[in-house]
Amino acid sequence: MIIAFIILIILAAAASAYAYKKGDGSHKNGFRIAGNTFINIAPLLFIAFILAGFMQVVIPPELIKGWLGEEAGLKGIFIGSIGGALIPGGPYIAFPIIATIFKAGAGLGTAVACVTGWALWGVITTMFELAIIGHRFTFLRLGLVLIFPPLAGIIANIFF
Amino acid sequence: MKNTVLAMTGITILLAAIGVLQQGPEIIMQALMAGGKMLIGVVPLLIAAFILAGMIQVLISKETVNKWLGKDSGLKGIMLGGIAGALIPGGPYIFYPVAASFLLSGAEIGTVVTFVVAKNLWSLSRLPMEVALLGPKLTLIRYVVTFIFPLIVGVMANTFFSGYADRVRDQIRQMQGTGEET
C-alpha cells in the first residue's frame, strides 16, 4: 500500500510538473478535471466503501473457508469461482483465505478458479467499477470475462 | 448514475438487514467503522489517482492516444494497455479513474478492457504477495493459465463492441460532470 502510494504520488507529481512546464495552463485544466471528477464521484465512492464495510462484516472469511471446504472437480471449480468473487477485500484478505482452503485440501483447479474469480468477478472491485466508470463499461467487461474463472480452473486441472 | 446509487444503497441495506438478523444491531457500527477505516486509509491515494487521471487527459494529446492506443493501433494498443495494466499499482479506486481517462482521451475500448483485466490478472505489484502467501507453484500455474485472457478480451471487445465505445464514453462524461469536454 505504501509503495503503491509512493509510486502514485511520483507519477501524479511528475505529470503535474510537466503540465505546469508547458506554460499554457494545462496544469490548471488537469486539476479542474480532477476536482470535478472527484466531487461528482464522491457520493458513489462513499456508498461503495460503506458497502465494502458491510460485506466484510456480514461475509466473514470463515464462512467462505467453510463453504469451499474440500470440494474438488468441476463442482469445486464453480464453487471456487463464486467463493473467490465474494471474498470482500484486496490481496491481503483474499490470498490468506485461498491459501488456507488450498492447504486444507481444496483441489488445484478450485484454488486457481478462486484466485481468478476474486480477480475478475470480485464484487467489491465491481462496485468501484460501477461507481467510477459506469455500468456500460462494467457490464461489457463482466460479459467478456464471464467464463474465465471456471475455465482457468478446468485448464489447471487438465494440465497440472 | 442515479440507478447505480439506488442499486448500491439497496444492496447495502439488504446486507445490513442480513447482518442485523444474524449477529445483532451492533454490526452496523462495526461495518461503518470497517468501511470508514478503509475510506480514510485510501483518501490520499484517491486524490493522487484523480490528479494523475486529470493530467493524463490534458497532457496526452488525442493524436498520441489515437496512434498508440486508439482505433488504428490494433494489437499494439492492446499489448500496451496490458503492459500498463500490469505496471499500475494500487486498488480499483486507482486504476478505474485512469481507465476512464484513457477512454476519454480516445483510447479504443479493447485497449482499456485489456488494461483493466491485465491489472487484475498480470499485476506485478501483487506478484510478491501472491508468491509469499499462495506459494510459487500455485502462483506460477495461475499466471500461466490466465496469461492469455487479457489479450483475448481486448481483441473480442475491439471486434464486437467497437461501436459501443462512444456510449461508454458518454456515460463517463456524464458521471464526471464534464459533459462539455470533447
### Task
Name the member of B/S125, B/A48, B/A49 that forms the most heavy-atom pairs with chain A at distances under 4.5 Å.
B/A48
### Message
Does any backbone or side-chain atom of B/F160 lie under 4.5 Å from a heavy atom of chain A? Answer side chain, backbone, both or neither.
### Response
neither
### Side chain proximity check, A/S16 to A/H27, heavy atoms < 4.5 angstrom
no
### Message
Tell me if the NZ atom of B/K76 is crowded by more than 12 foreign heavy atoms within 6.0 Å.
### Response
yes
#### Entry: Rounded distance [0.5 Å steps], CD1 in A/I47 versus CG in A/L45
9.5 Å
### Query
With a 4.5 angstrom heavy-atom cut-off, which part of A/A48 approaches chain B: side chain, backbone, both or neither?
both
### Task
Using a cut-off of under 4.5 Å on heavy-atom pairs, state which of A/I7, A/L51, A/I124 scores highest against chain B.
A/L51
## Note on the structure
Highest number of heavy-atom pairs under 4.5 Å with chain A among B/S101, B/G91, B/A31, B/G54 belongs to B/A31
### Query
Does any heavy atom of chain A fall under 4.5 Å from the side chain of B/V153, the backbone, both, or neither of them?
both
### Message
Within the supplied structure, the quantity of interest is the number of heavy atoms (other residues, nucleotides, ligands) at a distance under 6.0 Å from B/Y164 OH; does it exceed 12?
### Response
yes
### Task
Taking the six-membered ring for Trp and the full ring for Phe, Tyr or His, determine whether the centres of B/Y143 and B/W122 are under 6.0 Å apart.
no
### Summary
Highest number of heavy-atom pairs under 4.5 Å with chain B among A/F102, A/F128, A/F46 belongs to A/F128
## Note on the structure
Most contact-rich option vs chain B, by heavy-atom pairs under 4.5 angstrom, among A/T126, A/I155, A/L140, is A/L140
### Query
So what's closer than 4.5 Å to chain A heavy atoms on B/Q22: side chain, backbone, both or neither?
side chain
#### Entry: Heavy-atom proximity to chain B below 4.5 Å, by part of A/F95
both
### Query
Which answer fits A/F160, side chain, backbone, both or neither, if we ask what part of it has an atom under 4.5 Å from a heavy atom of chain B?
side chain
### chain A contact via B/T146 - side chain, backbone, both or neither, heavy atoms under 4.5 Å
side chain
#### Entry: Side-chain ion pair, B/D170 and B/R167, N-O less than 4.0 Å
no
### Query
Checking heavy atoms, do the side chain of A/Q56, its backbone, both or neither come under 4.5 Å from chain B?
side chain
#### Entry: Which atoms of B/L103 approach chain A - backbone, side chain, both or neither, heavy atom under 4.5 Å
side chain
### Heavy-atom pair count under 4.5 Å with chain A, highest-scoring of B/I152, B/V20, B/I28
B/I28
#### Entry: Option in B/K119, B/K37, B/M129, B/Q30 with maximal non-hydrogen atom pairs under 4.5 Å from chain A
B/M129
### Message
Counting heavy-atom pairs under 4.5 Å with chain B, which one of A/G35, A/A156, A/S26, A/A119 comes out on top?
### Response
A/A119
### Message
Distance check, rounded to the nearest 0.5 Å: B/Q176 atom CD versus A/I133 atom CD1?
### Response
8.5 Å
### Query
With only heavy atoms counted, which part of B/I94 is less than 4.5 Å from chain A, the side chain, the backbone, both or neither?
side chain
### Query
Under a 4.5 Å heavy-atom cut-off, does chain A meet the side chain of B/F161, its backbone, both or neither?
side chain
### Task
Determine the minimum heavy-atom distance between A/A15 and B/L52, stating which atoms define it.
CB-CD1, 4.3 Å
### Atom pair CD1/CZ of B/I172 and A/R136 - distance to nearest 0.5 Å
10.0 Å
### Query
In terms of heavy-atom pairs under 4.5 Å with chain B, which of A/I98, A/I9, A/L120, A/V145 leads?
A/L120
### Task
Could you tell me the separation between the CE atom of B/M175 and the NE2 atom of A/H135, rounded to the nearest 0.5 Å?
9.5 Å
### Task
Name the region of B/A157, side chain, backbone, both or neither, that has any atom closer than 4.5 Å to a heavy atom of chain A.
both
#### Entry: Spatial distance of atom CD1 (A/I154) from atom CG (A/L74) [nearest 0.5 Å]
5.0 Å
### Query
Does any non-hydrogen side-chain atom of B/M156 lie less than 4.5 Å from one of B/V113?
no
### Query
Is chain A contacted by the side chain of B/A53, its backbone, both, or neither, given a heavy-atom distance below 4.5 Å?
neither
### Task
Can you tell which part of B/Q23 gets under 4.5 Å to a heavy atom of chain A, answering side chain, backbone, both or neither?
side chain
### Query
Within a strict 4.5 Å, meaning less than it, do heavy atoms of the B/P92 and A/E129 side chains meet?
no
### Query
Highest number of heavy-atom pairs under 4.5 Å with chain B: which of A/F148, A/F31, A/F137, A/W118?
A/F148
### Query
Rounded to the nearest 0.5 Å, how far does OG1 of B/T111 lie from CG of B/L69?
5.5 Å
